Amino acid sequence: MKREALIRELRRLAREQGKAFEIDAGHGKGSHYRIRFGSKRTTIKSGELTPLYVTLIRKQLGIE
């Protein structure tokens, strides 16, 4: 899964759950993005994301 596909999915989930969703490209290191999903935050790297990495991001944001 590409980073942009994951961001689209997270944005949709936030809208459905009524949570805030914010992308901060300025605070990530290099090509990383800082994501805020409700009250939780995480960093997402660029490029192709492995299924294990996507699961880790979802857990950090409290989705799974």
Side-chain angles (χ1 to χ4, degrees):
M1 172 183 282
K2 295 266 186 193
R3 175 176 61 185
E4 299 308 318
L6 178 60
I7 289 174
R8 276 193 307 271
E9 180 182 321
L10 294 174
R11 185 176 283 132
R12 180 184 54 80
L13 283 171
R15 195 174 329 120
E16 288 174 358
Q17 297 177 10
K19 294 186 177 185
F21 181 79
E22 189 176 307
I23 301 171
D24 190 2
H27 280 91
K29 194 170 188 179
S31 61
H32 291 60
Y33 284 178
R34 294 276 300 189
I35 302 291
R36 186 169 69 91
F37 185 88
S39 63
K40 306 214 177 195
R41 294 176 186 257
T42 191
T43 303
I44 300 178
K45 65 180 182 174
S46 64
E48 190 66 32
L49 308 177
T50 65
L52 184 61
Y53 187 80
V54 172
T55 301
L56 174 72
I57 294 297
R58 289 180 180 151
K59 268 190 177 176
Q60 288 174 349
L61 295 174
I63 296 170
E64 288 184 1

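These figures come from a predicted structure and were not determined experimentally.
Between L56 and T42, every side-chain heavy-atom pair lies at or beyond the 4.5 Å cut-off. Side-chain atoms of I44 and L49, non-hydrogen and from C-beta on, do get closer than 4.5 Å to each other.
If you take CZ on R58 and CG on L6, they are separated by 6.5 Å, rounding to the nearest 0.5 Å. Rounded to the nearest 0.5 Å, atoms NZ (K2) and CD (E48) are 5.0 Å apart. Distance check: L61 CG to K19 NZ gives 9.0 Å after rounding to the nearest 0.5 Å. Of the inter-residue distances, the one linking E9 atom CD with I63 atom CD1 reads 7.5 Å to the nearest 0.5 angstrom.
Of all non-hydrogen atoms in Q60 and K40, the two that sit nearest each other are O-CD, 3.5 Å. Taking both residues in full, the closest heavy atoms of Y53 and T43 are given as OH-O, 3.4 Å, listed atom of the first, atom of the second, then distance. A14 and A20 get closest at one heavy-atom pair: CB-O, 4.4 Å.
Other residues, nucleotides and ligands place no more than 12 heavy atoms under 6.0 Å from the CZ atom of R41.
Partner of F37 under the side-chain contact (heavy atoms from CB on, under 4.5 Å) criterion, out of E22, R11, Q17: Q17 alone.
Ion pairing of R8 with E4 is absent here, as no side-chain N (NZ or NE/NH1/NH2) approaches a carboxylate O to less than 4.0 Å.
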